[in-house]
Visitor: 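Sharing a structure, written as structure tokens. Questions coming.
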Amino acid sequence: MSEKHFVVQGATCKCKFSEDSSKTDKIKVKTHSKHFANDKEGSEKLIATTKELGQTLEKNTFGKCKKQPAGNSFLPCQAVITQWSGFYEKVTLTNQGKILLENSKATCPMGAPDCIEIVNHGQTAEPDEQNFKSTDPMVHNLINPMVDVREMYKKEAKNEGIKFNNEENLDDIYISKTDASVLINYGKSDGDIRMISKSDFDEFESISDFKVKNDQLKNSSMIVTIDDIQIQDKIQEIHRLTTDKEQQAYIVLDRTTAKIIAISGEEGIDGKTEIDYYTVGASKPMVEVNKVKYALLGQIHTHNLIKSEAKNPNQIGGPDRIQNEFGTSELDKQTAKNLDINIYALDSWNYSNKNAEVTIGRVTPNGKETKGVGKTHGKGEGKKTVNIGLECLNLRVGR
């Protein structure tokens, strides 16, 4: 397989639904200011990631859109990127994004999946000294394996510090016990996820002896586990409690046990629940229940049996009531995006049996909706259940 370059700020894109096939636009990286690639000044060529969403192009247009006919012509394109495909999956940057490659493609809601492609990756042809000092060595070597930037960089190093080689990578991924934010994700893809306090992590970060640092981090952290049985029981419980009001549960990281569990949230109303979350500065969302604080990784709620809104209040014989829809709602989609978590919805309105195996819908932060990701365990063996705790944890760490 030929080498694929990673995409940087200024990469050129085009859309296959543009009326003028020569029309292009360029990517603007707005989601981080830390990871650089080829540029002599080392300050403009930011690495582009899957977090470059929305209106993230310079002009945000490819001319006129053939998917929007208007008389004898077409309406102007207003490019909005909703998701990326074909990215590099083995590295997650500090903005929690995956690195885009020159064959990555983007989706615009007015076009079709993968309608926007990369014409030019944006890297300069001849990397210079500043490139190698600014580019993350781990990232560069994973994407461009034919050029070993580590060897070139070691010759200029003022101090040896931590070596970046296969023998001296951190074994695991570390997340903060406060808000479950990722502290470092250079761990092996099949390694453990560990919970540690931010203060302990910062203290050990400066240790130059790699083995000592690795051991100290492990000794001061706890492996994160998922209590799937408890979560499945909680999901069935909120269905059983559902009548005319929505019920909810939070998927959280327990700071004392390092377990991913589900806890009950506040009861909602007819057709709506509110996530009572808080943040501290730029932290990930957290919740406090019964005076205990947790990091929030996801939310599950039920859709109650019948919504109270009447189709025709004046109907003879009494008004018909509007039923809930299957799966997640537009409000769920917006909440998932705002909090950067998965939102799950139980079709409880469609199941009067409290021991039923209830269908579960899911919407992810990028707006992808799935109406049937699994079912509750009901009173059976739960063969159709979905490991929601694992899904939420993987989303947080970028797996």
Side-chain angles (χ1 to χ4, degrees), residues 31 50-56 60 65 67-68 75 77-85 96 106-116 235 238-239 242-251 262 265-279 284-285 287 296-312 320-351 358-376 386 388 391-392 395-396:
T31 61
T50 52
K51 292 295 183 179
E52 318 314 327
L53 301 172
Q55 292 191 311
T56 189
N60 296 307
C65 177
K67 298 288 278 187
Q68 301 183 76
L75 294 177
C77 159
Q78 294 182 339
V80 177
I81 292 176
T82 57
Q83 66 181 38
W84 289 92
S85 65
Q96 302 308 302
T107 294
C108 172
M110 294 308 300
D114 299 339
C115 62
I116 299 173
I235 296 172
I238 62 173
H239 166 66
T242 299
T243 53
D244 59 339
K245 297 178 180 179
E246 290 193 1
Q247 305 291 324
Q248 69 172 323
Y250 302 137
I251 301 298
E266 288 291 325
E267 183 180 58
I269 58 175
D270 175 11
K272 186 178 181 180
T273 54
E274 294 282 353
I275 300 178
D276 186 15
Y277 75 95
Y278 69 97
T279 58
K284 295 288 186 180
V287 292
L296 178 66
L297 283 83
Q299 186 249 26
I300 315 160
H301 64 277
T302 62
H303 285 167
N304 51 284
L305 296 177
I306 296 178
K307 298 181 73 172
S308 61
E309 183 182 355
K311 291 182 180 177
N312 182 1
D320 290 334
R321 301 291 178 177
I322 297 177
Q323 290 185 327
N324 253 304
E325 296 180 356
F326 290 99
T328 51
S329 66
E330 284 299 315
L331 179 59
D332 296 333
K333 183 185 295 187
Q334 191 60 47
T335 303
K337 179 180 178 180
N338 292 343
L339 299 186
D340 197 24
I341 60 175
N342 283 348
I343 299 291
Y344 299 84
L346 273 62
D347 292 331
S348 292
W349 65 272
N350 198 39
Y351 297 85
V358 182
T359 302
I360 305 171
R362 177 190 63 211
V363 62
T364 60
N366 66 7
K368 182 180 180 181
E369 294 179 280
T370 307
K371 292 189 183 296
V373 294
K375 293 190 174 185
T376 65
V386 55
I388 289 177
E391 285 192 349
C392 293
L395 173 67
R396 179 57 55 88

Visitor: Assess the residue pair K245 and I269 against the criterion (side chain to side chain contact (heavy atoms under 4.5 Å, CB included)); give the C-alpha distance rounded to whole Å, side-chain angles, the decisive distance to 0.1 Å, and a yes or no.
Guide: CA-CA 5 Å; K245 297 178 180 179; I269 58 175; 5.5 Å; no

Visitor: Nearest 0.5 Å please: distance from the OH atom of Y277 over to the CD atom of Q299.
Guide: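 Taking OH in Y277 and CD in Q299, the distance rounds to 12.5 Å.
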
Visitor: Looking only at atom types and distance, does a side-chain atom of D347 sit under 3.5 Å from a main-chain N or O of G327, one as donor and one as acceptor?
Guide: yes

Visitor: Tell me every residue that passes ring-ring contact (aromatic ring centres under 6.0 Å, His included) with Y278, counting only those two or more places apart in sequence or in another chain.
Guide: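 Partners of Y278 by the ring-ring contact (aromatic ring centres under 6.0 Å, His included) criterion come out as none, since no residue qualifies.
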
Visitor: Is there a side-chain contact between D270 and D244 in this structure, where contact means two heavy atoms from C-beta onward sitting under 4.5 Å apart?
Guide: no

Visitor: Are I341 and R396 packed together at the side-chain level, in the sense that at least one heavy-atom pair is separated by less than 4.5 angstrom?
Guide: yes

Visitor: Run the side-chain contact (heavy atoms from CB on, under 4.5 Å) test against C65 and tell me which residues pass, sequence neighbours left out.
Guide: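 For C65 the side-chain contact (heavy atoms from CB on, under 4.5 Å) partners, ignoring immediate neighbours, are K67, Q68, C77.
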
Visitor: If you round to the nearest 0.5 Å, how far is OH of Y344 from SG of C392?
Guide: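 Between atom SG of C392 and atom OH of Y344 there are 4.0 Å.
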
Visitor: Sequence neighbours left out, what passes side-chain contact (heavy atoms from CB on, under 4.5 Å) with D340? Give chain and number order.
Guide: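 So D340 forms a side-chain contact (heavy atoms from CB on, under 4.5 Å) with K51, K284, P365.
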
Visitor: Can you name the residues that form a side chain to side chain donor-acceptor pair (under 3.5 Å) with Q96, not counting sequence neighbours?
Guide: none

Visitor: What distance separates I300 CD1 from I360 CD1, expressed to the nearest 0.5 Å?
Guide: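 If I round to the nearest 0.5 Å, the distance is 7.0 Å.
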
Visitor: For H239, enumerate each residue passing the ring-ring contact (aromatic ring centres under 6.0 Å, His included) test, keeping only those at least two apart in sequence or located in another chain.
Guide: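 Not a single residue meets the ring-ring contact (aromatic ring centres under 6.0 Å, His included) criterion with H239.
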
Visitor: Over all heavy atoms of both residues, which pair between I238 and I235 is shortest? Give the atoms and the distance, please.
Guide: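 Shortest heavy-atom contact: CG1-O, 3.1 Å.
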
Visitor: Taking all heavy atoms of C115 and all of C108, pick out the closest pair and write down the distance.
Guide: SG-N, 3.7 Å

Visitor: For a side chain to side chain donor-acceptor pair (under 3.5 Å) check, start with the C-alpha distance between T242 and T302, then their side-chain angles and the critical distance, and finish with the verdict.
Guide: CA-CA 7 Å; T242 299; T302 62; 2.8 Å; yes

Visitor: Applying salt bridge (charged side-chain N to carboxylate O under 4.0 Å, His left out), name anything that partners K368, two or more places apart in sequence or on another chain.
Guide: none

Visitor: Which residues pass the side chain to side chain donor-acceptor pair (under 3.5 Å) test with T50, not counting sequence neighbours?
Guide: none

Visitor: Check whether any side-chain heavy atom of I343 sits under 4.5 Å from a side-chain heavy atom of I275, and report yes or no.
Guide: yes

Visitor: Going by the rule side chain to side chain donor-acceptor pair (under 3.5 Å), which residues pair with N338 if we only count those two or more places apart in sequence or in a different chain?
Guide: Q334

Visitor: If you apply the rule side chain to side chain contact (heavy atoms under 4.5 Å, CB included), what do you find for N350 with T359, and how did you get there?
Guide: CA-CA 9 Å; N350 198 39; T359 302; over 6 Å; no

Visitor: With the side chain counted from C-beta on, respond yes when E267 and Q247 share a heavy-atom pair under 4.5 Å apart, and no when they do not.
Guide: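 Sidechains of Q247 and E267: in contact.
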
Visitor: Under the side-chain contact (heavy atoms from CB on, under 4.5 Å) rule, collect the residues that match up with A345, sequence neighbours excluded.
Guide: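 For A345 the side-chain contact (heavy atoms from CB on, under 4.5 Å) partners, ignoring immediate neighbours, are H301, H303, T328, D332.
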
Visitor: Residues in salt bridge (charged side-chain N to carboxylate O under 4.0 Å, His left out) with E266, at least two apart?
Guide: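 Per chain and number, E266 pairs via salt bridge (charged side-chain N to carboxylate O under 4.0 Å, His left out) with no residue.
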
Visitor: Which atom pair, heavy atoms only, marks the closest approach of V363 to E369?
Guide: CG2-CG, 3.6 Å

Visitor: Which distance, rounded to the nearest 0.5 Å, do you find between the CD1 of I81 and the CD1 of I116?
Guide: 4.5 Å

Visitor: Can you find a heavy atom in the side chain of T364 that is under 4.5 Å from one in the side chain of L395?
Guide: no

Visitor: Grab the two heavy atoms, one from K371 and one from F326, that are nearest each other, plus how far apart they are.
Guide: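 Between these two residues, the closest heavy atoms are NZ-O, 3.4 Å.
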
Visitor: For the CG atom of L297 and the CG atom of L339, what is their distance to the nearest 0.5 Å?
Guide: 11.5 Å

Visitor: Return the set of residues passing side chain to side chain donor-acceptor pair (under 3.5 Å) with Q78 (not counting sequence neighbours), or none when no residue passes.
Guide: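 Here no residue qualifies.
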
Visitor: What residues, two or more places apart in sequence or in another chain, satisfy side-chain contact (heavy atoms from CB on, under 4.5 Å) together with D114?
Guide: S85, K105, T107

Visitor: Please walk me through it: do N304 and E246 pass side chain to side chain contact (heavy atoms under 4.5 Å, CB included)?
Guide: CA-CA 5 Å; N304 51 284; E246 290 193 1; 3.3 Å; yes

Visitor: So which heavy atom on Y250 is nearest to which on L296, and how close?
Guide: CB-CD1, 3.8 Å

